[in-house]
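What you see is a predicted model; the values in this text were computed from it and never measured.
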Amino acid sequence: MALLASAACSADGGGGAGKDRNSAGASGGTSTGAGTTSETGLAATDVWIKAADAGMTAAFGILENGTDADILIVGAASPAAGQVQLHETVPGDAGAMAMRQVAAFTVPAHGSFVLEPGANHLMLMDIAKPIAPGEDVEIALRLEGGRTVTLTAPAKDFAGAAETYAGESDGAGGATHGAGGGG
């Protein structure tokens with residue numbers, strides 16, 4: 001399953017999101033092909049990650065739940081990053097969009113959950129080395145109950161916006177997610 005890429009958060013949602021259709025396997029495995037897995041019922045489409053030289057990047061895509069119960073994503077990890085956070089993007093104090101970490105994403109029963117620039121996304125922080133366009137990045141989603149689904153996200157070029165973290169300014173001293181990263 002391809003997933004998120006290093007990208008600044010942007011409401012335009014463009015930037016070459018792939019049309020690859022892959023499914024996620026459970027317990028650390030990656031399964032490619034259309035459809036869902038019987039173990040988790042979670043599949044992903046249009047997943048990608050923003051190429052980045054350093055700092056932060058973000059991953060995007062559509063998570064689909066083929067089961068009768070909600071699937072709760074409670075964390076994520078990647079060998080490409082020191083930390084992966086689940087983020088949402090909301091209007092900040094000054095009117096600019098700001099990112100903030102959330103505890104979980106809920107993929108509704110028989111529904112989907114969209115990860116896109118300028119909205120919900122996976123934020124890869126402290127990337128270990130540059131992520132070049134065309135490179136595949138593994139991201140493990142931790143589900144409620146302890147199961148893990150591993151995704152493979154192709155990196156793509158994307159020139160997104162530069163949101164800030166909620167509560168931080170975009171001026172001197174504020175953390176922004178511009179050209180080097182962000183969601």
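Using a 30° and 60° split on the angle between ring planes, H121 and H87 fall in the perpendicular class, above 60°.
Within the model, atoms CE of M56 and CE of M125 stand 5.0 Å from one another, a figure rounded to the nearest 0.5 Å. Summarising the geometry, atom CZ belonging to F60 is positioned 6.0 Å from atom CZ belonging to F158; distances are rounded to the nearest 0.5 Å. Of the inter-residue distances, the one linking T89 atom OG1 with E116 atom CD reads 9.5 Å to the nearest 0.5 angstrom. For the atom pair NE2 (H110) and CD (E64), the distance works out to 13.0 Å, reported to the nearest 0.5 Å. Considering OG of S78 and CD1 of I131, their distance stands at 7.0 Å, rounded to 0.5 Å.
In this structure S112 satisfies the side-chain hydrogen bond (donor to acceptor under 3.5 Å, both in side chains) test with no other residue, sequence neighbours excluded. For the side-chain contact (heavy atoms from CB on, under 4.5 Å) test, residues two or more places apart in sequence or in another chain that qualify with A104 are L72, V74. Partners of P133 according to the side-chain contact (heavy atoms from CB on, under 4.5 Å) rule, which considers only residues two or more places apart in sequence or in another chain, are A51, D157. Applying the side-chain contact (heavy atoms from CB on, under 4.5 Å) criterion to D136, with sequence neighbours excluded, gives T152, P154. Listed by chain and residue number, nothing satisfies the salt bridge (charged side-chain N to carboxylate O under 4.0 Å, His left out) test with E144 (two or more places apart in sequence, or in another chain). Shown here are the side-chain contact (heavy atoms from CB on, under 4.5 Å) partners of A140, two or more places apart in sequence or in another chain: T148, T150.
Between L63 and L115, some side-chain heavy-atom pair lies under the 4.5 Å cut-off. Side chains of I73 and V107 form a contact here, defined as non-hydrogen atoms less than 4.5 Å apart. A 4.5 Å side-chain heavy-atom check between L122 and F105 finds at least one atom pair inside the cut-off.
Across R142 and A76, no two heavy atoms sit closer than the pair NH1-N, 4.3 Å. Closest heavy-atom contact between M97 and G118: CE-O, 4.4 Å. Closest non-hydrogen pair, A81 versus V84, comes out as CB-CG2, 4.3 Å. For the residue pair A128 and P79, the shortest heavy atom distance occurs at CB-O, 4.3 Å. T106 and F113 make their closest contact through O-CD1, 3.2 Å (heavy atoms, listed as atom of the first residue, atom of the second, distance).
Under 4.0 Å is where a charged nitrogen must lie from a carboxylate oxygen, and between E135 and K129 at least one such pair does.
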Worksheet item: Does the side-chain contact (heavy atoms from CB on, under 4.5 Å) test come out yes or no for L124 and V137, once each step is laid out?
Response: CA-CA 11 Å; L124 284 77; V137 175; 4.2 Å; yes
Worksheet item: Which is it for L143 and L42 under the side-chain contact (heavy atoms from CB on, under 4.5 Å) test, yes or no, and what are the steps along the way?
Response: CA-CA 10 Å; L143 309 181; L42 188 66; 4.3 Å; yes
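The salt bridge (charged side-chain N to carboxylate O under 4.0 Å, His left out) pairs that include a residue from residues 67-90 are E88-R100, where partners are two or more places apart or lie in different chains.
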